[in-house]
Amino acid sequence: MSKILIRGAKVLGGEAQDVLIDGETIEAVGNGLSAEGADVVEAEGKILLPGLVDLHTHLREPGREDSETVLTGTRAAASGGYTAVFAMANTFPVADTAGVVEQVYRLGQEHGYCDVQPIGAVTVGLEGSKLAELGAMHESAAGVTVFSDDGKCVHDAVIMRRALEYVKAFGGVVAQHAQEPRLTEGAQMNEGVVSAELGLGGWPAVAEESIIARDVLLAEHVGSRVHICHLSTAGSVEIVRWAKSRGIDVTAEVTPHHLLLTDEMVRTYNPVYKVNPPLRTERDVMALREALADGTIDIVATDHAPHPHEDKDCEWAAAAMGMVGLETALSVVQRTMVETGLLTWADVADRMSYAPARIGQAKGHGRPISAGEPANLTLVDSAYRGEVDPAGFASRSRNTPYEGRELPGRITHTFLRGRATLVDGKLA
């Protein structure tokens, strides 16, 4: 591997510096660096961040390769500045055994656009009745540390308690999809003024909040770690804030789309806005932004949920839930959090790299940009403005809510252990 000199980048948005990469490692950070024969990346005015880490990605393989594959999903990840993603377990077959998680892990290694860390299912078949092979998945080549039935809630309190007890033995974490199923039967969108006017089944905030309240208390009782997936309501923020003040070991994530979009979008009846949990109110959006800024919410996670055209191009009630997000996540965070003054670029590095890597125990990721560290890096042209065109996505699916919308920022380069996976905005 040749040497690479990134010249004049604003490291974490600060002063311009040069970064010299030698092989898989950052050799030096400073001013006026030079290296004979190095490939030079002129980065004046651009922001250099550690490679982004997504704790919540759906890669769909095995079983739904018409939506996404490990190859196309990791290419999308590299395009979005990610060097590591955690792949959710709701595949076909479900990733509830050592064999399936090892398959996903090895596919990620073979394709090489970013590291893929499988998430194991909490229960067999995501059915919520019997614990999956948590220990076997942890001891497998994939080394699973995060477990989730995402797409479904671990609704049985006894099963959730047992899962928390089990993962405590090896320092794992249960990532909960907080949705009380009885309260969301037939739900189509956020319960509120808009759902009443449109006549669509309402999805009450309490369906999320009641599960979070239960699970933080279970985590406290067991002395284990719980992570809240795609937190979406102001009430959920208050529960997590209370739990943290009490010393409970809870972390939480918010998606980019819940930082920007509201249930008012559903008035279009465009199924691209149908997502789980649903888009909430403007009040909820503002509470989520504040919570991400003050650290109550620990990370941004994409919940990248690709679907083929036919699963979205239909009437609202029949449409699948979910949005793609890997290739637009940083732009949405720049718009909602950086340009509003709520986060600095150094804060973004924490919420989108350091913290998710720490929660998921992603070795070699979420590391400082300094000499001796792995060269997992992302270069951002924050001055760029442009309309989102899904035709140019690397993802196999196009179900983005931002088509035609102007968003700031563009990833120009992504480096995975010193190897460029994205160069001048194009996949290497």
Side-chain angles (χ1 to χ4, degrees), residues 56-60 64 66-68 73 76 88 90-91 126 149-153 177-208 211 229-233 236 253-285 288 300-329 332 336 388 390 393 395-405 407:
H56 193 147
T57 299
H58 296 273
L59 295 180
R60 303 302 191 203
R64 284 305 305 266
D66 57 330
S67 302
E68 194 78 284
M88 278 296 177
N90 58 341
T91 50
L126 308 182
D149 277 2
D150 184 63
K152 295 183 178 180
C153 178
H177 173 116
Q179 178 190 349
E180 170 39 65
R182 290 298 302 278
L183 290 174
T184 55
E185 291 177 0
Q188 293 289 314
M189 66 169 296
N190 179 59
E191 181 179 281
V193 173
V194 180
S195 67
E197 291 180 4
L198 298 181
L200 292 174
W203 190 306
V206 71
E208 174 175 304
I211 294 293
C229 295
H230 42 49
L231 186 149
S232 71
T233 78
S236 295
E253 70 190 33
V254 64
T255 71
H257 47 271
H258 286 112
L259 291 172
L260 180 59
L261 307 176
T262 72
D263 58 357
E264 290 290 335
M265 307 292 180
V266 182
R267 293 185 186 278
T268 66
Y269 286 102
N270 186 342
V272 76
Y273 297 116
K274 188 176 181 183
V275 66
N276 181 350
L279 300 178
R280 304 291 189 178
T281 67
E282 183 72 15
R283 173 178 172 270
D284 292 310
V285 167
L288 295 173
V300 176
T302 70
D303 193 8
H304 174 80
H307 292 292
H309 179 72
E310 59 271 19
D311 287 358
K312 280 291 193 178
D313 189 17
C314 56
E315 65 272 18
W316 178 275
M321 295 180 180
M323 304 167 172
V324 292
L326 284 168
E327 294 171 79
T328 53
V332 175
T336 59
V388 175
F393 281 1
S395 172
R396 177 161 284 186
S397 294
R398 302 288 181 265
N399 52 307
T400 174
Y402 310 117
E403 181 174 6
R405 182 188 288 255
L407 289 177

For the atom pair [atom1] ([X]) and [atom2] ([Y]), what is the distance rounded to the nearest 0.5 Å?
{"X": "Ile211", "Y": "Leu183", "atom1": "CD1", "atom2": "CG", "answer": "8.5 Å"}
{"X": "Thr184", "Y": "Gln179", "atom1": "OG1", "atom2": "CD", "answer": "3.5 Å"}
{"X": "Arg405", "Y": "Thr328", "atom1": "CZ", "atom2": "OG1", "answer": "10.5 Å"}
{"X": "Glu208", "Y": "Asn276", "atom1": "CD", "atom2": "CG", "answer": "9.5 Å"}
{"X": "Leu260", "Y": "Thr255", "atom1": "CG", "atom2": "OG1", "answer": "10.0 Å"}
{"X": "Arg182", "Y": "Cys153", "atom1": "CZ", "atom2": "SG", "answer": "14.0 Å"}

Taking [X] for the side chain and [Y] for the main chain, is one N or O donor matched with an acceptor at less than 3.5 Å?
{"X": "Asn270", "Y": "Pro401", "answer": "no"}
{"X": "Glu327", "Y": "Ser395", "answer": "yes"}
{"X": "His177", "Y": "Gly151", "answer": "yes"}
{"X": "Asp263", "Y": "Ser195", "answer": "no"}
{"X": "His304", "Y": "Gly325", "answer": "yes"}
{"X": "His307", "Y": "Met321", "answer": "yes"}
{"X": "Glu253", "Y": "His230", "answer": "yes"}

Pairwise side-chain contact, [X] with [Y], heavy-atom cut-off 4.5 Å (strictly under):
{"X": "Thr233", "Y": "Asp284", "answer": "yes"}
{"X": "His258", "Y": "Pro277", "answer": "yes"}
{"X": "Asp311", "Y": "Arg64", "answer": "yes"}
{"X": "Met88", "Y": "Asp303", "answer": "no"}
{"X": "Thr268", "Y": "Trp316", "answer": "no"}
{"X": "Met189", "Y": "Lys274", "answer": "no"}
{"X": "Glu264", "Y": "Thr281", "answer": "no"}
{"X": "Leu261", "Y": "Met323", "answer": "yes"}

- Message: Using the rule given for side chain to side chain contact (heavy atoms under 4.5 Å, CB included), can you reason through Leu279 versus His257, listing the C-alpha separation, both sets of side-chain angles and the distance that settles it, and then say yes or no?
- Response: CA-CA 8 Å; Leu279 300 178; His257 47 271; 4.3 Å; yes
Between [Y] and [X], do the side chains contain a donor N or O and an acceptor N or O under 3.5 Å apart?
{"X": "Glu68", "Y": "Ser397", "value": "no"}
{"X": "His58", "Y": "Asp150", "value": "yes"}
{"X": "Arg280", "Y": "Ser232", "value": "yes"}

- Task: Decide yes or no on side chain to side chain contact (heavy atoms under 4.5 Å, CB included) for Val388 and Phe393, but give the supporting numbers first.
- Result: CA-CA 9 Å; Val388 175; Phe393 281 1; 3.8 Å; yes
- Item | Pair Glu197 + Arg267: basic N to acidic O under 4.0 Å | yes
- Message: Would you say CZ of Arg283 has more than 12 non-hydrogen atoms from neighbouring residues, nucleotides or ligands within 6.0 angstrom?
- Response: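 It does not: Arg283 CZ has 12 such atoms or fewer within range.
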Considering all heavy atoms, the nearest [X]-[Y] contact:
{"X": "Ser67", "Y": "Pro308", "result": "OG-CD, 3.0 Å"}
{"X": "Ala301", "Y": "His56", "result": "CB-CB, 3.7 Å"}
{"X": "Leu259", "Y": "Thr336", "result": "O-CG2, 3.5 Å"}
{"X": "Tyr402", "Y": "Pro256", "result": "OH-C, 4.0 Å"}

- Quick one: do Leu231 and Val254 satisfy side chain to side chain contact (heavy atoms under 4.5 Å, CB included)? Show the steps, please. CA-CA 5 Å; Leu231 186 149; Val254 64; 5.6 Å; no
